[in-house]
Amino acid sequence: MALVDEACRPGPCESDAQPSIFSLWNLIIRPPRARYEMSHMGPGKFMAGDVAVVRRDFEVVNPRGHTLQCSIFEPHMDGVGDQDAVRP
């Protein structure tokens, strides 16, 4: 009794399918990097419920020399009820 389907033995069947299988694999495992502008990040200050939140942007250089663009969202302690904050 054969454990491998005759139609999928190594050969033309496998070599034809490999490029599409690896393309699918790469889309899942290594999706394309998103490209966006800082304006896509939204307002730098907004309200989350009753708390004013401010976004702080900064850069980090990793050991490989790549510059990473980073953002951190923090509560703005002086901004409770802040009139400049954008409300969703």
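Nothing fancy with the numbering, it's 1 onward along the sequence. Values below: all heavy atoms of this structure, side chains included; hydrogens, waters and symmetry mates excluded.
Between V51 and P75 the shortest side-chain heavy-atom distance falls below 4.5 Å.
Hydrophobic side-chain contacts under 4.5 Å tie L24 into a cluster, directly or through other members, with W25, I28, I29.
Here F46 contributes atom CZ and H76 contributes atom NE2; the two are 12.5 Å apart, rounded to the nearest 0.5 Å.
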Check residues 60-68 and write down every donor-acceptor pair under 3.5 Å in which the side-chain atom is one partner and the other belongs to a residue at least two apart or another chain.
unit_1	atom_1	unit_2	atom_2	d
N62	OD1	R64	N	3.0
N62	OD1	G65	N	3.0
N62	OD1	H66	N	2.9

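A single hydrophobic cluster is not seen to contain both V54 and M38; linkage of ILVMFWY side chains at heavy-atom distances under 4.5 Å, directly or through other members, places them apart.
F58 CZ: more than 12 foreign heavy atoms inside a 6.0 Å radius.
Closest of all the heavy-atom pairs between S71 and M41 is OG-CE, 3.6 Å.
Sorted by first then second residue, the salt bridge (Lys or Arg N to Asp or Glu O under 4.0 Å) pairs that include residues 51-63, not counting sequence neighbours, are R55-D57, R56-E74.
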